[in-house]
Every structure is written in C-alpha cells, then in structure tokens.
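Below is one structure, written out as structure tokens, with a few remarks after it.
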Protein chains: 2
Amino acid sequence: MDQRLTTRRRRRMQRVTMAEVARAAEVSPSTVSLYLRKPGQVSPAVGARIARVVDALGYVPSLVAGGLAAAGSRAVSVIVPTIQNDFFANTISALQQSLEPAGLQLLLGNTDYDPAREERLVRTALSWAPAAVVLVGLEHGRGTMRLLLESSAPVFEIWECGGGPIDTAVGFHHREVGATALRHLAERGRRHFAFLGARMEEDRRARQRAEGFAAAAAAAGLAAPLILGAPERASTELGGRLLAEALSGRTRIDGIACSNDLMALGALFECQRRGIEVPGGLAVVGFGDLGFSASCVPPLTTIRPPGEAIGREVGRLIQERLAGAEPPARAGMIDLGFELVPRRSS
Amino acid sequence: MDQRLTTRRRRRMQRVTMAEVARAAEVSPSTVSLYLRKPGQVSPAVGARIARVVDALGYVPSLVAGGLAAAGSRAVSVIVPTIQNDFFANTISALQQSLEPAGLQLLLGNTDYDPAREERLVRTALSWAPAAVVLVGLEHGRGTMRLLLESSAPVFEIWECGGGPIDTAVGFHHREVGATALRHLAERGRRHFAFLGARMEEDRRARQRAEGFAAAAAAAGLAAPLILGAPERASTELGGRLLAEALSGRTRIDGIACSNDLMALGALFECQRRGIEVPGGLAVVGFGDLGFSASCVPPLTTIRPPGEAIGREVGRLIQERLAGAEPPARAGMIDLGFELVPRRSS
DNA sequence: CGCTTCGATCGCAGCGCTACGAAATCTGCT
DNA sequence: AGCAGATTTCGTAGCGCTGCGATCGAAGCG
C-alpha cells in the first residue's frame, strides 16, 4: 500500500519556525535567515519588520537545524581534566566570555585525568560538529589523536607548551615554572628543597614542574630536591601532610615549592601548627596565585599562570578561524609565559 | 533557467555518514541507526557486522542531524552565575558525572549574576533544543520566564528552595542556613553578631542567608546583627576587610557568620594579624565547607550545602524525564537540606 | 502443510535551516 | 528614457539522521 496515503503525525521540535516568521513578515524564509545571520545585508525596512515578528512570535531559531544545514555548529567543545580547580575554571570562564558575543556556546566535558574518558568525550564532542575543540595538554591517547586528526575542526591544546601540537597550542612551559621556583628559593639563600605535588601520576604538567625544579637544582650544583607526591587532588590537608613528611627526613628542608597554592596554604597552616616561622624557618613558593594567596598569613610567594589569557587568546583564535583564517601551516605554538609573584612567604 | 542544470557542490559536515556505514555493512541505514540507538533490537550477527564497519571507517555519528530528526538534542544546558566558585563547580561536576553514561553533554553558560545575560543565555540554550535546562535560583527576569514557560524542555532550578518553581526545584533553604549559623553562635554563648557577605546585591541566596541570620537573632531576642556586604566577589581579602570594618564599630562583635568559607578564611587571617584569638575572642562560622575548611588554623566551623547531591539528583531526574517520566503535576520542590559542621573556630 | 505470530529489517518522509545562484529591484548616469 | 551595475530578495536542494509503519522471514501450531 502506498505510504503516502497513511496519516503521519510528525514530531515537532518547537513551536515557531522560521517559515512562520517569514509568512507573518511577508518575506521569504531566505530573507529571514539572511537577516538573522547578516542583518546588514537586508534593507532596514524589511529588517525592522522581521525583527518585530520575531519578537511578537517569540521565535527562537534552531541551532540544531542551522548547524546541520551549515555543516558545522556554533558550539565549542572544551574538555578539561576537572573544573573543580581554579586554574581551569578561570580559563573556561575567560573563554566563554570571549566567545559569548559571537554566539558560541561551550560544550563541557571533564576527563578526570582518564585517557579513556578523554577519548569518549572527544568522540561525543566531534559528534556535535563543533566550531573548535579545546583540550588540556599535549599528550593524548592513540584513539583520541586519530579522531582529532581525522576531524576537520580546529583543535586547540592549552595549558602546555612543548612537543608537537595537533593544530595550535596555547600555554606555557611548566618545566620553566619549576626552574623559576627553585632559582627564586636559591636566591633567597635556601639550599635544601622539597617539591610537594598532588596527582603527580596523572597530571603531567605538575610532573613537569617538579622536573624543572629538580633540573634547576642540579644545574645550580645544589642537592637534589625531595619530590613528594600523592594520588589525591590538591588540598590544604594534603599540603600539610606532605610537608610533615618532608620535614620528617634527616635533611633539614629550608625551601619548598608546591604544585598548587592550595597545597602551599596547607603547608603554611602546618608551619603555624608546628611553630615554624615562614619564611624564617621555611620558605614557601606556590603555584596558581589563587584568591587567597595575596592575603593569607604570610602572603604567599607564587607563580601566576596565564589562565585567563589562555582563555581569551583561544577565544580570539577560534573566532579568527571561524572568520576564515587558515590553520597555521606548521602546527602553531603560543607561549603566554607566567609570572613570579614574590611575597612574604619566601 | 532550470537550477537543476547548474552544478552545485554541497558542503559536507564530516567524512563518513551513516549511509556509507550501511552500504559497507550491507544493511539499510535504518538498521544502522537502530543498532546505534538500541543495539538490543538488532540481531547479534548484523550488530557485530555494523560494529566492525563503524570501527573500521571511524564513523562518528552526527548529533546535530540526530537532534534535528529526533526533535530534541542530547545536550543539557546549564546556566550558572559563575563557575569560578567551588559551589557551582562541584554541582556541575556531579551533574556531568551523572549525565555522562547516558551520553548527555553539558552546554555551559555563565550569567555573572546579570539578568539580561541570563535571558540571552536561556535563549541560546533553547536554540539547542536541549533535553533539559538547568539554572540557578528561582528568580528570573520576565523574558527569561516567558522563554522557559513556552519551551517544552524540562526546567530545573537549583540551589534554592522556596517560591514557586517553573518545573522542578532542587536545593535547600538559605534563610534556614543563616538561622542555623546564628543559633549555633548563640549556643556558644555569643551575643553580638555580624554577617559578612559578598555580592549581596546580586546574590539573592547570600542575602537570604543574611536575612535568616538576622531573623533568628530577633527571634531569640538578641540584638540585630551588623550586616556588611560589598559588591565584589568573595575572597579572603574581602573577608579580612569586612571583619576589620565590623570590629571598628562601637559594639564589641563576638560572633560572625560569612556568606562563604573564603570570606571566613580571610576573617581568620585578619584575626591572626590582629592577635585576636579564635574562637576565644571571636567565633567564626562559614558557609560551603570548601577544600581548606577542615585543615585551616583553627579548623573552620561551617555549613555544608548539598552541592554534589544537587548535581546528582538533577542528573537522575533528567534521565528519568528523558525516559518518559511526566513532569510533576504541581511544580516540584526537592529540599536536600544542609549540614552544620562544627569545628574549632566557634 | 498452510496460516498465524513475532522479531528483524527496510523505505520513506521529513526535522528546520542555510548556501548557492538566480531573479527582481533600485541607483546613478548619460 | 535606457542601461549597466549594485543591492536586495527569493527558490531550490539538500545537511545526516530518526520515527513510523510496512515488509520480510523464520518459527510455532493445529
């Protein structure tokens, strides 16, 4: 039997469609579409009429349909290890601020430092035909790399500089951060060091900071620092515990660097509990310049990463690419540097 | 002239389509689609064949096309005031964990406490035909309300209980939080109170906590607390400054509550700088139970909101709704409560 | 051995929008 | 007035997928 004869009620996505707007405004759908995308190319009179109808009908365009027709959606996929972390939260926030005026939305995923989850998330991300994919770090699993390379979406790798990026990397050198911390402590006359890190197994960047710290000690002819880590996420509690561990050794540690200001704050608390004077008895350098770092007791010397700048820069680059800019011929690398903020804890 | 005669190269979204998979697997596209959505309804033999082809071809389904055809996408829009805030970051994180197994992605927006921005974000959010819209608070602009009411998407309002939700609210009572803080301080023998808040103009929930604090004082027949606020976001620096302001008055304040543990931490630092003993000279109660609260000096008495629980619960409800559950007949309200965590600062 | 029953597979008709190029309309100029 | 050129508007053909009902085929049964 001819299917055409049977009744078919089709599901509908939303109340008002562009065609209805067009009818009410007495123009063609094309014109409505054009007006919505490039208002300048429609005559002011017609534009005003369309605007009025859109408002009256409460028309909300479907980005899903638009994305399908235009072969690419107005979403930017961001995949980070965790958002429960001021670093990435700041970057994401800056990125979103930069993207919002262009009508780009963030699709968020978090890997919890798990490569398998990263691959799943990248797959889902690509399913949205995003305007760009943003992910943290330069190290990815085989499958993730394949997906990314085969996709035509611009890929931005952030928070790290170094090896070869897939497309464009925007970040800074973590080894150099570690080295800077050590040189600073050495300048302050310290000689026996420890590095306190969290999640060092999974967080390659924290590891790089520790390595830079150790390498700079070696370069300066100083004793190899004690490197302490733990599988948990950064916290003041962990900072305190690792400091206790560091101080329990035979060597009298007089300078520490932490992979995160939260850890450094925990170290300060531990010093307070033990009556160790900071910086007199122990100099402390953190990483992150978090909300409390300038006003804790004593104010914390720290290294400020360009978190917001990364977000802003990536936002800018995405819009540039969307506007037709070519990807860099050779994979690009943008080093945004970092800043040592000396305060009273060292 | 007949347009059919002119050449047209159409833009394509991605390399491999479902039709190509179908061809290679020698089945119809419908079967591939069915297999991908409900593998159980396809015979094991055919399923295996399709799986093999999908893998070999590196097929990534288009959620954009799928969303259009199915009249609803697999995205959940989350609109929060800011993600640079442990409260919302935790909730979002829990929500995403709960949604991930169902293949639902988060679309993130942040309003920065600006109603106009909220409306814009809700509009964009609805453009995606999301499976659900999640937003913070029960108070929204007229336009936002209209958009939400006209849309057919389930709406979850989180982090607040009280007034009438649009669809379902999942949160707790902030006034009760303030009251609990005051009663706790009163039990500890305090009589002269101050409440230190950030962004009190914009953040209705912080305001409610302050109101509950004041109301409980009145109910207990105690002097009205000093309510201090500032337009900036919560920080240790602000906590310290507002405490200084509170202590500069003629009344000798002996108990404070803060709208955020970060503020409370700042107050602790200020006490340390001024040599005020805590809790001897001043009892401090925070809100949030953040990462450092248990291990600062002294450990901070605080009120723990159900941040993760909210995320998990909303995730569960969304999936229930997606599976066909009806929206609550009368707008629903789920009170997840909160917990006073007494520690040594009070 | 024909007929029902049920599970597996298929074909069709869009979902709502945009890109493309053509058509219509408007300008300014001779 | 007539025409080239610029500007504005329109018509068409999908984008890739899913929901629906139809169809096919194997098993079950009297």
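Quick note: numbers below take in every heavy atom, side chains included, and nothing from hydrogens, waters or symmetry partners. Worth saying up front: this structure is predicted, and the values here are computed from it rather than measured. Chain letters run A, B, ... following the sequence lines, proteins first, then strands; residues in each count from 1.
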Quiz prompt | Touch class at under 4.0 angstrom, heavy-atom based, for B/Ser30 against every strand present | solution =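 Since a base atom lies under 4.0 Å of B/Ser30, the category is base.
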Practice problem: Have a look at A/Val42 and say if it touches a base, only the backbone sugar-phosphate, or nothing, with a 4.0 Å heavy-atom cut-off. | Solution: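 If one applies the 4.0 Å heavy-atom cut-off, A/Val42 turns out to touch the sugar-phosphate alone, with no base involved.
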Respond yes when some side-chain nitrogen or oxygen of [X] is under 4.0 Å from OP1 or OP2 of [N], and no when none is.
X: B/Ser33; N: D/dC17; result: no
X: A/Ser43; N: D/dT9; result: yes
X: A/Thr17; N: C/dG16; result: no
X: B/Tyr59; N: D/dG16; result: no
X: B/Arg37; N: D/dG19; result: yes

Practice problem: Between A/Pro29 and A/Gly40, just flag the one whose closest nucleotide in DNA chain D comes earlier from the 5' side. | Solution: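 Closest to the 5' end, via its nearest nucleotide, is A/Gly40.
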Practice problem: Select from A/Leu68 and B/Leu34 the residue whose nearest nucleotide in DNA chain D is closer to the 5' end of that strand. | Solution: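 It is A/Leu68, whose closest nucleotide lies nearer the 5' terminus.
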Self-check item: Steps toward side-chain hydrogen bond (donor to acceptor under 3.5 Å, both in side chains) verdict (A/Gln105, B/Thr124)
Solution: CA-CA 8 Å; A/Gln105 286 269 107; B/Thr124 318; 4.6 Å; no
Practice problem: Return the nearest nucleotide to the side chain of B/Ala65; candidates are D/dG16, C/dA19, D/dC10. | Solution: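 Of the candidates, D/dG16 comes closest.
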Quiz item: B/Val46 side chain: which of C/dT9, D/dG16, C/dC10 is closest?
Solution: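 The listed nucleotide nearest to B/Val46's side chain is C/dT9.
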Quiz item: So, A/Ser77 and A/Trp128: side-chain donor and acceptor under 3.5 Å apart, yes or no?
Solution: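 No.
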